[in-house]
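This report concerns only the one structure given below.
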Amino acid sequence: MGVTRWTGREVAMLREALRMNGKDFAATVGVSSRQVENWEGRSATIRPKPANQAALDTLLSTAPLDAQWRFAQLLTEQAALGHDERIEELLRRDPRAVRHPRDRKAMILVEEGIYLSGSKGISVWVDAYRIDVHPTTNLDYERFVHATGHRAPQHWPGERCPSAMRDHPVVWVTWDDAEAYARWAGKELPSVTQWEKAARGPKGRPYPWGEEPTAAKCNTAESGIGGTTSVTRYQSGVSPYGVFDLCGNTWEWCSTPGTDGPDRYQLKGSAFSSPFERAAPALENAANATMWDNDTGFRCVAVF
């Protein structure tokens, strides 16, 4: 592993991966603590001198394997955050959009007010909240697993998410797994009313994109894909608030208990494994809290 040219941002990542304070890190590299602060404070706009670059290369190459792995993970996460131009554009143009301070996922504000709920269009008041623009991905969940020691999903080889599926929704998670992630991130699982309002908008449109039942706007059984897809794939299927994948791809756990027995919770959204007719956001579904499958994931909400 190596870095072609170190920037201040990468210096900060290396120090974090090594779990060193500024003073000890500076001494190891052979510079002053003030110099390290200068590098990290100016992030990508500053590059250390060639001699310092060489010292940083040596420090990385001789670091313990677990520290090298942590550094690689930080680089991957930074790339995921820094190169998703659609998310960066959303954050630039929409004052309702922010990054959550803990898990760094983009969230959008759903304003307080009434929306038309369920198949009968009943008026329901919902307080303001923010909801994840995308479902929780494998990469998001991997950060949680390695930060907490929580059980990894069964389809991950070696307890690491497959590199080709980093931007797919995490699956094989129980309700308790989803709730544990939400607590770690300082968030909550959405209630069914929060989830449905984010999907249908205040006027209760039948589908996130509008009135027409268009299966091509989401990943359901009709797509023939037979598995999850990137959470950014279905651009034309977003909700009135700009939220993705509220129809298809994966069922999503909610915090609302089911009405058909104890220890059951409601699910929303349908999945790649289900027919499009089950994808309407007004429809109800529930499962036992211990259920896990290859078509079930989640997203979170927060108030801040």
Side-chain angles (χ1 to χ4, degrees), residues 84-87 89-90 93-94 96-97 106-126 129-137 167-169 171 190-254 256 266-287 293-299 301:
D84 190 335
E85 291 300 325
R86 288 182 291 265
I87 288 297
E89 175 62 22
L90 173 66
R93 66 178 169 76
D94 193 333
R96 301 174 303 170
M107 304 190 80
I108 199 79
L109 176 66
V110 178
E111 297 91 347
E112 67 176 13
I114 289 173
Y115 85 103
L116 301 181
S117 170
S119 59
K120 296 181 179 180
I122 298 171
S123 296
V124 174
W125 175 272
V126 182
Y129 62 97
R130 297 183 191 275
I131 190 166
D132 291 337
V133 173
H134 302 107
T136 303
T137 65
D167 63 347
H168 288 220
V171 293
S191 67
V192 291
T193 54
Q194 289 173 325
W195 193 99
E196 188 182 342
K197 183 176 181 180
R200 303 178 65 191
K203 296 182 179 180
R205 55 172 61 174
Y207 299 96
W209 54 84
E211 301 291 326
E212 297 301 319
T214 311
K217 292 181 180 289
C218 58
N219 181 18
T220 54
E222 286 79 1
S223 72
I225 295 171
T228 59
T229 55
S230 167
V231 297
T232 63
R233 174 168 178 159
Y234 289 92
Q235 302 283 314
S236 63
V238 300
S239 81
Y241 296 101
V243 182
F244 284 67
D245 273 3
L246 292 167
C247 281
N249 220 3
T250 63
W251 290 100
E252 296 186 6
W253 286 113
C254 293
T256 305
Q266 294 198 39
L267 295 156
K268 284 288 190 178
S270 190
F272 69 85
S273 56
S274 299
F276 177 75
E277 65 187 27
R278 299 192 67 191
L283 296 181
E284 296 185 359
N285 188 20
D293 210 337
N294 68 342
D295 64 356
T296 305
F298 67 98
R299 77 180 74 218
V301 296

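Owing to the predicted nature of the structure, the values given are computational and were not obtained by experimental measurement. These values consider heavy atoms only, across backbone and side chains, with no hydrogens, waters or symmetry-generated copies. Index from 1, following the sequence.
- To the nearest 0.5 Å, the span separating CZ on Phe276 from SG on Cys218 amounts to 5.0 Å.
- With Asn219 contributing its side chain and Gly227 its backbone, the two residues share a donor-acceptor pair below 3.5 Å.
- There is a side-chain donor-acceptor pair under 3.5 Å between Thr220 and Glu222.
- Between Arg130 atom CZ and Glu111 atom CD the span is 9.5 Å, to the nearest 0.5 Å.
- Between atom CD1 of residue Ile131 and atom CE of residue Met107 there is a gap of 7.5 Å, rounded to the nearest 0.5 Å.
- Not a single donor-acceptor pair under 3.5 Å links the side chain of Ser273 to the backbone N or O of Asp295.
- Atom NZ of Lys217 and atom CD of Glu212 lie 10.0 Å apart (nearest 0.5 Å).
- Between Ala282 and Ser119, the shortest heavy-atom distance links the atoms CB-N, 3.9 Å.
- Considering every non-hydrogen atom in both Tyr115 and Gly201, the closest pair reads CB-O, 3.8 Å.
- Within the 4.5 Å cutoff, the side chain of Arg278 has heavy atoms near those of the Asn285 side chain.
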* Quick one: do Trp209 and Val238 satisfy side-chain contact (heavy atoms from CB on, under 4.5 Å)? Show the steps, please. => CA-CA 6 Å; Trp209 54 84; Val238 300; over 6 Å; no
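- Counting heavy atoms from C-beta outward, Pro135 and Phe298 have side chains that stay 4.5 Å or more apart.
- In this structure a side-chain-to-backbone donor-acceptor pair under 3.5 Å is present from Lys197 to Gly113.
- Looking at Tyr241 and Val110, their side chains come closer than 4.5 Å, going by heavy atoms from C-beta outward.
- When every heavy atom of Pro240 is checked against every heavy atom of Ala199, the shortest pair comes out as CD-O, 3.6 Å.
- The closest side-chain heavy-atom distance from Trp195 to Gln266 is not below 4.5 Å.
- Counting heavy atoms from C-beta outward, Phe272 and Thr229 have side chains that stay 4.5 Å or more apart.
- Nearest heavy-atom pair across Thr250 and Pro169 is CG2-CG, 3.6 Å.
- Taken from SG in Cys247 to NZ in Lys268, the straight-line distance is 10.5 Å, to the nearest 0.5 Å.
- Taking every heavy atom of both residues into account, Ser239 and Leu246 meet most closely at CB-CD1, 3.9 Å.
- Inspection of the Thr137 and Asp167 side chains reveals no N or O donor paired with an N or O acceptor under 3.5 Å.
- Considering every non-hydrogen atom in both Ser123 and Ile114, the closest pair reads CB-CG2, 3.7 Å.
- Taking the side chain as every heavy atom from C-beta outward, Asp132 and Glu252 never approach each other to under 4.5 Å.
- Using a 30° and 60° split on the angle between ring planes, His134 and Phe244 fall in the tilted class, from 30° to 60°.
- Side-chain atoms of Pro208 and Pro281, non-hydrogen and from C-beta on, do get closer than 4.5 Å to each other.
- A distance of 8.0 Å separates OG1 of Thr136 from CZ of Arg299, quoted to the nearest 0.5 Å.
- Two residues are said to be in side-chain contact when any heavy atoms from C-beta on lie closer than 4.5 Å; Leu116 and Arg200 fail this criterion.
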